[in-house]
There are 2 protein chains.
Amino acid sequence: MATDRTTATIHDVAALAGVSTSSVSNVLNGRTDKLSAQTWSRVEDAIRTLSFSPNRVARQLKTGHTPMLGLLVPSTANPMYGQLALNIEAAAQRRFNYRLLLGNTHRDKQQEARMFDDLLSFGVRAVIVISSLDDERHLEKAVSRGLAVVSYDRGAGGDTHSRVDHMSPDNYQAGYLAADHLISHGHRQLAFLLPHGKTVSRGEKIEGFRERVSLCPGASYSASVVEGQVSEAFGDSELADLGFAMASQVAALRPMPTGIVTVNDMLAIGLMSGLTRLGLRVPEDVSVIGMDGLQVSGFVNPGLTSVAMPLAEMADAMVERAIQRSTNPDLPPSDFLFQPVLIARQSVAAPARARKTATTL
Amino acid sequence: MATDRTTATIHDVAALAGVSTSSVSNVLNGRTDKLSAQTWSRVEDAIRTLSFSPNRVARQLKTGHTPMLGLLVPSTANPMYGQLALNIEAAAQRRFNYRLLLGNTHRDKQQEARMFDDLLSFGVRAVIVISSLDDERHLEKAVSRGLAVVSYDRGAGGDTHSRVDHMSPDNYQAGYLAADHLISHGHRQLAFLLPHGKTVSRGEKIEGFRERVSLCPGASYSASVVEGQVSEAFGDSELADLGFAMASQVAALRPMPTGIVTVNDMLAIGLMSGLTRLGLRVPEDVSVIGMDGLQVSGFVNPGLTSVAMPLAEMADAMVERAIQRSTNPDLPPSDFLFQPVLIARQSVAAPARARKTATTL
DNA sequence: ATGAAAGCGCTAACAG
DNA sequence: CTGTTAGCGCTTTCAT
């Protein structure tokens, strides 16, 4: 039961096996050609009896590598990023035996920069960042300092000099699909909801949404973009609260929209709750569609129709890319787009046109 | 724009400032008494102009310390652990400037053990574990190897030899509160729902639940404990699915319970959804109460009544304890219990007794 | 007040 | 095939 503070080192193993430390090192690194089968197993035995495990810190100091991947998300309290973190951790672990260093940034550029500093000082060389802030200069700076950066949730935005990899769901397509779903259910008064502060991904979603609406002939269409006014008060951890609060903003719109797209599921979930509180029924009075495809969205009432992002695939691709690039910084930067898929549930139905205008007057 | 692969070292700083490396080191470590104000500022200047940042790996190799905290959760896809991770990361960062190494264990002892190995090999000396597995021997082993272990979600269980700290919401109290809430609303047929596989915390919750029920006089009470039968298929990432699936198990119970307590919120959310699908109304036909106090629970329909755990406080306490103990392993192990609080929402109402038995026959 | 020197545990030439 | 050796970048006695 005594705490044995001292762990065995490569020297202990070498001594016990009666070989030099380099031979032990060679065993550790699987260089089968450098040892006779004899010595090899002697070393292995010694390793086992001492239950020796190499000190990664020492190894890292020497090699400059460490099997660790940074992950920066706005907030793990948003289930979207919780799921993402799970998938990324699994991919890193399973495929590369990498561990995850996690940071919550709240989309704050300062925090992101601080985290980059720390990652670098820990010797971490690969990081996946979900920020989608307009300005990616701090990412480029991190690249200059030796980090392999994979940016999630935004395209490169035509920046051909970028040395960060971009992997993202096709946000434009997501916006398009959402609008399309509503329109094909007969909705003509649409709205798009987002928190205060436009990120790149939000902009892309809005574009797709608008594009689909603009394809509709006639002046009977309306499509408003509603930005949360309560700015500071709500961050990525309180999106549902924000959605709830925004219900009254929505209800005050004229013409009152019959179909609403939100930039993400938590916002939609909060919105539905707020709408219900206001006496509006979903989907009878107003249809709602979210984006993310959260697990929990299938279990709220009514089930939330949502544009789902292919999480597992993306996680795999991002991890692979980040780690590859950290090994080989000269890879040409990539710009991948993954296709989202609409999951239809109960929160969208055909609008009840006549009644709507009648009652709201 | 060139990638400057080489970062400044303490030698570069020393050279530029015209001092020895030890002086630079002394500046880095704030030993103001060891330098003249003169030299001090010369060194500081050099540090600034080289934008030098000390290599933590080298430092760690020397000192054996690294500002990193391990966190092992069942799955960050469960918002409970997403929120926990957020709070823990914030506390570690804010109060100690520590970073977080995250691992998802799926309550698998092998995974936990592997993670301990890795933490140790990375030189991490403090870890917070949410596992609440019956058997904590692997935790004690980790302690022996030099890890400061804080276990979440279970008491020490009377093990006086334990050298791991235990911090937990008062699960017994949580179970008690939940049953009490139902009973005081007039419910007499109660059930407690949990996934397959009893963890310590689940057992504690059940005990509290049972205790409160046993306080009721008369034979008119029934209290069943329903364990998910679908075992393997559902993990901590799919609790809502499990709850959904368990709705039929619940509906088949005779007498059919009018009030149901679930071991956590995601299970309750799934259950309510499944119940609704079965044509049962919550809370008119059956009341549901969860445990966790997730943010999203306030936004499902009906709002989920839940026993909330004091996340932020606990996160603070756990981080503090873990880091303190990693510095001073001889601290007597603690066993803290935090008090949960019931948040009443719409998922609990008085039972409609007569109707119930009539219709289900 | 400042510097020289010895390592922390490992890897990787380079010799033998 | 196997051993010797020189560091990786930092901290820390111990002299000066």
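Proteins get letters first, then strands, A, B, ... in listed order; numbering begins at 1 in each. Every value quoted in this text rests on a predicted model; they were computed, and no experiment measured them.
Applying the side chain to side chain donor-acceptor pair (under 3.5 Å) test to residues at least two apart or on different chains, the pairs with a partner in residues 84-93 of chain B are B:Gln93-B:Arg99.
Counting non-hydrogen atoms under 4.0 angstrom, B:Thr9 reaches the backbone sugars and phosphates but no base. Among the protein residues, A:Ser23 comes within range of the sugar-phosphate backbone only, with heavy atoms under 4.0 Å from sugar or phosphate atoms but none that close to a base. Using a 4.0 Å heavy-atom cutoff across all strands shown, A:Val57 reaches no nucleic acid atom at all. Residue A:Thr63 is in sugar-phosphate contact alone, with no base atom involved, counting any heavy-atom pair closer than 4.0 Å across all strands shown.
Evaluation of the salt bridge (Lys or Arg N to Asp or Glu O under 4.0 Å) rule for A:Asp335 yields no partner, not counting sequence neighbours. For A:Asp117, the side-chain hydrogen bond (donor to acceptor under 3.5 Å, both in side chains) test picks out A:Arg145, with sequence neighbours left out. The side-chain hydrogen bond (donor to acceptor under 3.5 Å, both in side chains) check on A:Glu313 picks up nothing, with sequence neighbours excluded. In this structure, B:Tyr98 has no side-chain hydrogen bond (donor to acceptor under 3.5 Å, both in side chains) partners at least two apart in sequence or on a different chain.
Residues B:Ser20 and B:Leu61 both approach DNA chain C. Their nearest nucleotides, taken by heavy-atom distance, put B:Ser20 toward the 5′ side.
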Would B:Arg163 and B:Ser144 count as a side chain to side chain donor-acceptor pair (under 3.5 Å) here? Give the steps. CA-CA 9 Å; B:Arg163 288 167 309 160; B:Ser144 304; 3.0 Å; yes
Take A:Arg325 and A:Val150 through the side-chain contact (heavy atoms from CB on, under 4.5 Å) test and state the conclusion after the steps. CA-CA 9 Å; A:Arg325 175 176 292 285; A:Val150 172; over 6 Å; no
Do A:Ser162 and A:Glu136 pass the side chain to side chain donor-acceptor pair (under 3.5 Å) test, and can you show the C-alpha distance, the side-chain angles, and the key distance before you say yes or no? CA-CA 9 Å; A:Ser162 178; A:Glu136 282 201 322; 4.7 Å; no
Show your working on side chain to side chain donor-acceptor pair (under 3.5 Å) between A:His138 and A:Glu112 and close with a plain yes or no. CA-CA 8 Å; A:His138 60 308; A:Glu112 290 184 9; 2.5 Å; yes
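Of the N and O atoms on the side chains of A:Ser36 and A:Thr39, at least one donor lies less than 3.5 Å from an acceptor on the other residue.
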Just list the side-chain donor-acceptor pairs under 3.5 Å for residues 58-67 of chain B, sequence neighbours left out, or say none.
from: B:Gln60; atom 1: NE2; to: B:Phe122; atom 2: O; distance (Å): 2.7
from: B:Thr63; atom 1: OG1; to: B:Arg59; atom 2: O; distance (Å): 3.0
from: B:Thr63; atom 1: OG1; to: B:His65; atom 2: N; distance (Å): 3.1

For residues 70-77 of chain A, dump all side-chain donor-acceptor pairs below 3.5 Å to protein atoms at least two apart in sequence or in another chain.
from: A:Ser75; atom 1: OG; to: A:Ala77; atom 2: N; distance (Å): 3.0
from: A:Ser75; atom 1: OG; to: A:Ser237; atom 2: OG; distance (Å): 2.8
from: A:Thr76; atom 1: OG1; to: A:Asn104; atom 2: ND2; distance (Å): 3.4
from: A:Thr76; atom 1: OG1; to: B:Gly82; atom 2: O; distance (Å): 2.9
from: A:Thr76; atom 1: OG1; to: B:Leu86; atom 2: N; distance (Å): 3.4

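Applying a 4.0 Å cut-off to non-hydrogen atoms, the residues of residues 26-37 of chain B that approach DNA chain D are B:Leu28, B:Asn29, B:Arg31, listed by residue number. For DNA chain D, none of the residues of residues 40-56 of chain A falls under the heavy-atom distance limit of 4.0 Å.
For the atom pair CG (A:Leu139) and NE2 (A:His166), the distance works out to 7.5 Å, reported to the nearest 0.5 Å. Rounding to the nearest 0.5 angstrom, the gap separating the OG atom in B:Ser131 from the NE2 atom in B:His106 is 13.5 Å. Here CG of A:Leu100 is found 9.5 Å from CG of B:Leu100. Values are rounded to the nearest 0.5 Å.
Extent of DNA chain C lying under 4.0 Å from chain B heavy atoms, first and last nucleotide in 5' to 3' order, is C:dA1 to C:dG9. Along DNA chain D, read 5' to 3', the first and last nucleotides having any atom under 4.0 Å from a heavy atom of chain B are D:dG9 to D:dT12.
Between the two ends of the helix from C:dA1-D:dT16 to C:dG16-D:dC1, each summarised by a five-pair axis, the helix axis turns through 40° (rounded to 10 degrees).
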